Amino acid sequence: MTTLIRRPITAACAILTSISLVALTLIASPAHANGTTLYVATTGSDSNPCTSAQKCLTISHAVSVASPGATIDVAAGTYVDDDIVLTDSVTIRGASSNATTSKGLLTSGALPTVVTTSGAGAGSVIEITGSSNANVALANLHVVGQSTASINVGAPNGSAVETVSFDRVAATGGLMGINTTGSPIRGFSLTNSAVSCGAGTAPRPAGVIPTVADGVGYPITLTNNYLTDCGVGINAGNFAGFGTTDAVAGTSTISNNVMEAMDWSCIVVAMSFEDLQITGNTLTGCNTTITGTGAIDLEALTPPTSVTASGNTVGAASGGADGDIGIQIQNVPASPGNLARFEVAGNTISGLLKSGSSEGVRSGPTAIARAADDIEISVTGNTLTGNSRGGSWQTNAGATLEQNLEFTGNRIANNVSRGFSVFSSGRTFNATNNWWGCNTGPDTGSQPAPGTGCDSVGGITGPNTINLTPFLMVALDANPATVFTGEQDPIRVLSTTNSDDQAVTGLPAGTAITFGSTIGEIESTAAVASGVATSTLTAGFVAGSG
């Protein structure tokens with residue numbers, strides 16, 4: 001009797017054990033541990049385990065079976081996928097590409113892995129909805145959107161995604177390129193990438209919106225990118241209420257980007273940074289539709305902020321008709337005790353002729369409400385030529401900004417309606433040691449025709465204190481002054497002294513000087529370095545002076 005009872009119990013246990021093991025195997029087999037790599041190819045199948053030998057067919061399936069921290073390798077090809085939603089840390093990388101950061105990055109062949117949706121109603125191609133500890137990275141992908149943003153970052157309930165990074169990513173076709181409005185990010189990086197927006201009524205949305213959580217020590221980086229055909233290229237704005245408590249900590253950079261054909265600004269900064277460097281960008285054809293904003297527009301900065309715009313080149317693409325203002329500082333709200341520092345240095349801004357008030361550098365006209373001891377603006381070493389105006393300082397009643405303004409060491413020449421205009425009253429304005437196009441200094445009369453005299457300063461109203469002297473002068477130096485026929489002589493243009501014979505920095509580095517001679521042959525152009533430009537005269541074989 002005992003034997004009869006034990007045998008079925010033993011058999012039943014064996015069967016149950018077998019079933020449990022099978023069930024465990026079925027659950028565990030699709031899961032991929034943190035740090036593993038999954039593989040996707042157009043020749044794969046979503047019934048496969050996403051290994052290198054048995055690849056998946058869709059990115060969304062690989063995402064669904066990946067554990068946090070996994071990498072998904074996507075082979076070359078075009079993938080139509082409506083369900084790519086990234087909720088955890090993941091890296092998605094397309095096929096390796098030798099594409100360089102240039103306009104060519106937008107061509108379909110530059111990035112061989114292309115991801116898109118089935119139609120205009122499918123939403124963004126890639127949705128990043130990760131939690132506060134999610135780190136998401138995309139690389140070597142051409143993301144082709146349709147009616148919305150190509151890539152959208154939207155963490156739930158206003159929480160902040162930890163970091164997002166994009167390297168060699170082309171975001172095209174969508175209404176926007178990369179959108180993060182409403183979702184602060186503790187770290188945002190866009191490098192070696194390209195963004196263009198779809199057709200739409202101007203002003204169109206921004207190409208990239210790197211909204212960042214404030215005061216957490218994770219700066220933004222946007223460098224070596226090409227952006228075109230959007231409303232704004234990069235819009236670092238505080239549109240969701242984030243960034244109002246502390247400035248973004250650390251050093252943030254918007255550098256070495258090429259932007260063109262924007263409806264209004266190419267770069268907008270409307271939140272505070274502990275240290276933001278906007279450097280080495282080439283901006284052409286900003287403000288094609290909207291006027292009154294800068295190609296680089298700095299505004300609405302509430303907590304302490306420090307912004308440097310240096311070494312940028314701003315110009316127009318269509319004879320000046322699509323270029324309005326080079327760099328503008330405006331709409332800085334009152335925030336007692338919170339220092340706002342703006343440095344505009346070493347930029348070249350030329351050919352902006354969209355209207356009679358188009359100009360290189362402008363402060364205002366909308367309110368700059370900080371007290372004099374709360375704001376510092378330095379505009380030094382810039383080249384402002386061939387614009388409607390070189391620049392202007394415009395303030396609303398009650399503003400005391402100009403007491404901390406330094407506008408020195410700039411090259412202002414050959415502008416059309418004015419070298420500089422001041423629309424203000426009762427302000428201290430330091431505009432010394434600038435080069436105004438000739439050695440007699442700026443005039444307050446009519447502007448001469450470009451190339452015929454010194455640019456003028458005008459529009460001055462009220463009891464202003466405008467310090468225009470001393471001003472920069474240039475001198476020709478031949479050493480030795482006598483040279484034998486057939487031999488060579490260095491000829492230098494010196495700009496290292498001012499009208500008071502004081503030593504100064506001189507013309508901005510890189511300023512082109514044109515040389516000519518009535519005797520012998522001379523190298524036609526030379527660039528300024530440390531206030532000096534040097535050419536070489538080869539004397540002819542007939543004696544004389546010239």
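What you are looking at is a predicted structure, and each value in this text was computed from that prediction instead of being measured.
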Q. Is a side-chain donor or acceptor of D297 paired with a backbone partner of V268 at a separation under 3.5 angstrom?
A. no
Would you say the side chain of [Y] lies within less than 4.5 Å of the side chain of [X], judging by non-hydrogen atoms?
X	Y	answer
I178	F188	yes
I254	L276	yes
T191	N224	no

Hey, what do you get for [atom1] ([X]) to [atom2] ([Y]), rounding to the nearest 0.5 Å?
X	Y	atom1	atom2	result
I59	L141	CD1	CG	6.5 Å
N347	I296	CG	CD1	6.0 Å
K354	T291	NZ	OG1	7.0 Å

Would you say [Y] and [X] are linked by a side-chain donor-acceptor pair, where the criterion is simply a distance under 3.5 Å?
X	Y	value
E127	N152	yes
T117	D82	no
Q54	Y39	no

Q: Give me the one residue out of Q277, E274, E343, R341 that meets side-chain hydrogen bond (donor to acceptor under 3.5 Å, both in side chains) with S306.
A: R341
Q. For D324, which of S358, S265, S357 qualifies under side-chain hydrogen bond (donor to acceptor under 3.5 Å, both in side chains)?
A. S358
Q | V195 and its side-chain contact (heavy atoms from CB on, under 4.5 Å) partner, picked from N225, T172, V208, D229 | A | V208
Q. For the side-chain contact (heavy atoms from CB on, under 4.5 Å) test, which of L138, N192, N140 pairs with V169?
A. L138
Q) Excluding sequence neighbours, so at least two apart, what forms side chain to side chain contact (heavy atoms under 4.5 Å, CB included) with T289? A) A202, D263
